[in-house]
Amino acid sequence: MSRLQVVSGKGGTGKTTVAAALALALATEGKRALLVEVEGRQGIAQLFETEALPYEERKIAVAPGGGEVYALAIDPELALLDYLQMFYKLGSAGRALKKLGAVDFATTIAPGLRDVLLTGKACEAVRRKDKRGRFAYDCVIMDAPPTGRITRFLNVNDEVAGLAKIGPIHNQAQAVMRVLKSPETSVHLVTLLEEMPVQETVDGITELRAAQLPVGRVIVNMVRPALLDEAELELGLERTPRTAIAKTLAAAGLGGARGAGGRLVDPLLAQAAEYAERYALEGAQRAVLAEHGLPLHELPLLADGLDLGGLYELAAELREQGVRNS
């Protein structure tokens, strides 16, 4: 199993929800997972119905089988102070830099530095071991930026390494890229069965592969239930006489064939036509995704909305589909 699981997706596809469900799924059977947020939106805290996450690793959930999910909201400014302390031992001078605004200045003149700090903090958690030599976490799940900029976000360390030929920054960037481009990492893409999200997912797969970043799985979120299959749709739209539909409605107590039952036929056929169109569109988008040879998983649309119970339901669905064996 890849120890760093990066989750990206087009805005609105529910990537943060999927990342949280994935963390619960991977933390089963006594394992420890760290769920990392890098965009400062506090989406993880909202999903787990807890207070805003500080810049520290905090346990937020217990997974089935006694596993634990920890969470960390990475603050780029505080991560930079950690970095300066680690490599330059600045101590109180680092705090003075923060007061002077030097941290904001540094990340402004070198925008790539912010992404180095964010990815570097996650990779540090992947590599960290306890006193007995065991990994602190069995896996780290990153709720990453959207698909449109995920490749640049993950590959920025190469750019920084190219600018800094020697020294701690160069070494840090190289160490991060060794993790991100290794079998330790999988980048999962979240999508919907709609044309624009699927196209962005396909573009993301192409870009990630071109950058030699390891693409993991495609997770289709918010899949609506299949009410009718293709054969039933064909039968209902083309072969069933209108009079038969009216009689069936009448038998169900919805008025006579010439009364209320008859008046319902056209609306019902219109809804069936709309459903058939959506069914065909979703089938076409599944085929597009399947062309890229990646494991494909589907998560249901929760009719009652998403709460903490729903999050555990999605995690159970991922486990059933074998995601814990990533």
Exercise. Measure the spacing between CD1 of I74 and CG of L53 and express it to the nearest 0.5 Å.
Key: 11.5 Å

Self-check item: side chain to side chain contact (heavy atoms under 4.5 Å, CB included) between C123 and L180, intermediate numbers included
Solution: CA-CA 8 Å; C123 289; L180 293 179; 4.0 Å; yes

Quiz item: Hey, is the main chain of T13 close enough, under 3.5 Å, to the side chain of N221 for a donor-acceptor pair?
Solution: yes

Quiz item: Linking I/L/V/M/F/W/Y whenever their side-chain heavy atoms sit closer than 4.5 Å, directly or via other members, would V6 and V202 fall into one cluster?
Solution: yes

Quiz item: Considering only heavy atoms from C-beta outward, does the side chain of E39 approach that of P146 to under 4.5 Å?
Solution: yes

Practice problem: Output yes when a side-chain donor or acceptor of Q5 lies under 3.5 Å from a complementary backbone atom of S2, and no otherwise. | Solution: yes

Quiz item: Taking the side chain as C-beta and beyond, is there a heavy-atom pair between R127 and V179 under 4.5 Å?
Solution: yes

Quiz item: Could you go step by step and tell me if K121 and V36 meet the side chain to side chain contact (heavy atoms under 4.5 Å, CB included) rule?
Solution: CA-CA 9 Å; K121 188 69 176 177; V36 175; over 6 Å; no

Practice problem: Search all heavy atoms of A21 against all heavy atoms of A315 and return the closest pair with its distance. | Solution: O-CB, 3.4 Å

Self-check item: Co-membership, hydrophobic cluster, residues I60 and L308, 4.5 Å side-chain
Solution: yes

Quiz item: With hydrophobic residues grouped by side-chain heavy-atom distances under 4.5 Å, do L47 and V323 end up in a single group?
Solution: yes

Quiz item: How long is the gap from CE on M196 to CD on Q285, to the nearest 0.5 Å?
Solution: 12.0 Å

Exercise. Side-chain contact test, heavy atoms from C-beta onward, threshold under 4.5 Å: evaluate it for M142 versus F153 and give yes or no.
Key: yes

Exercise. Measure from the side-chain N and O atoms of T191 to the backbone N and O of P197, and report whether any donor-acceptor pair falls under 3.5 Å.
Key: yes

Self-check item: Reported OG1-to-CE distance for the pair T185 and M177, which is rounded to 0.5 angstrom
Solution: 9.0 Å

Quiz item: Which pair of non-hydrogen atoms, one from L34 and one from A125, has the smallest distance, and what is that distance?
Solution: CD2-CB, 3.6 Å

Quiz item: If you look at every heavy atom in A52 and A45, which pair is closest and at what distance?
Solution: CA-CB, 4.1 Å

Practice problem: Run the numbers on T147 and L189 for side chain to side chain contact (heavy atoms under 4.5 Å, CB included), then give the verdict. | Solution: CA-CA 7 Å; T147 318; L189 299 177; 4.2 Å; yes

Self-check item: Backbone N/O of Q212 and side chain of K181: donor-acceptor pair under 3.5 Å
Solution: no

Practice problem: For residues Y275 and P225, report the shortest heavy-atom separation together with the two atoms involved. | Solution: OH-O, 4.0 Å

Quiz prompt | Closest non-hydrogen atom pair, P214 against S182 | solution = CG-O, 3.8 Å

Quiz item: Do M222 and L314 belong together in a cluster built from hydrophobic side chains that touch within less than 4.5 Å?
Solution: no

Exercise. List in chain and number order the residues that pass ring pair (Phe, Tyr, Trp, His ring centres under 6.0 Å) with Y70, two or more places apart in sequence or in another chain; answer none if no residue qualifies.
Key: Y137

Quiz item: Got V69 and L24 here, is their nearest side-chain heavy-atom distance under 4.5 Å?
Solution: yes

Name each donor-acceptor pair under 3.5 Å that joins a side chain in residues 288-306 to protein atoms two or more places apart or in another chain, with its distance.
| from | atom 1 | to | atom 2 | distance (Å) |
| --- | --- | --- | --- | --- |
| H297 | ND1 | Q321 | OE1 | 3.2 |
| H297 | NE2 | R217 | NH1 | 2.4 |
| E298 | OE1 | R286 | NH2 | 3.2 |
| E298 | OE2 | R286 | NE | 2.6 |
| E298 | OE2 | R286 | NH2 | 3.4 |

Quiz item: Do side-chain atoms of D143 reach the backbone of E37 as a donor and acceptor pair under 3.5 angstrom?
Solution: no

Quiz item: In chain order, what residues pass the salt bridge (charged side-chain N to carboxylate O under 4.0 Å, His left out) check against K59, with sequence neighbours excluded?
Solution: E68

Quiz item: Is E194 salt-bridged to R278, cutoff N-O under 4.0 Å?
Solution: no

Practice problem: Determine the minimum heavy-atom distance between C139 and L26, stating which atoms define it. | Solution: SG-CB, 3.6 Å

Quiz item: Are V198 and L192 co-members of a hydrophobic cluster defined by side-chain heavy atoms under 4.5 Å apart?
Solution: no

Practice problem: Go through R58 and T50 one step at a time and tell me if the side chain to side chain donor-acceptor pair (under 3.5 Å) criterion holds. | Solution: CA-CA 11 Å; R58 171 178 293 178; T50 186; 5.6 Å; no

Self-check item: Pairing residues for K10 by the salt bridge (charged side-chain N to carboxylate O under 4.0 Å, His left out) criterion, not counting sequence neighbours
Solution: none

Quiz item: Considering only heavy atoms from C-beta outward, does the side chain of R3 approach that of F135 to under 4.5 Å?
Solution: yes

Quiz prompt | Contacts of type salt bridge (charged side-chain N to carboxylate O under 4.0 Å, His left out), residue R224, not counting sequence neighbours | solution = E282

Self-check item: Q42 atom CD, neighbour heavy-atom count above 12 within 6.0 Å
Solution: yes

Quiz item: Can you find a heavy atom in the side chain of F48 that is under 4.5 Å from one in the side chain of L35?
Solution: yes

Practice problem: Please tell me if the side chains of S186 and L4 come closer than 4.5 Å, counting only heavy atoms from C-beta onward. | Solution: no

Exercise. Can you spot which of V187, L22, I219, I150 makes a side-chain contact (heavy atoms from CB on, under 4.5 Å) with V7?
Key: L22

Quiz item: Got a second to check how far L318's CG is from T28's OG1, nearest 0.5 Å?
Solution: 11.0 Å

Practice problem: Taking atom types as modelled, find out whether R149 and S8 have a side-chain donor-acceptor pair closer than 3.5 angstrom. | Solution: no

Quiz prompt | Residue pair V116 / V176, side-chain heavy-atom distance below 4.5 Å | solution = no

Exercise. Mind checking salt bridge (charged side-chain N to carboxylate O under 4.0 Å, His left out) for E274 and listing every partner two or more places apart, or none if nothing turns up?
Key: none

Practice problem: Step by step, work out the side chain to side chain contact (heavy atoms under 4.5 Å, CB included) result for V218 and H188. | Solution: CA-CA 6 Å; V218 174; H188 309 303; over 6 Å; no

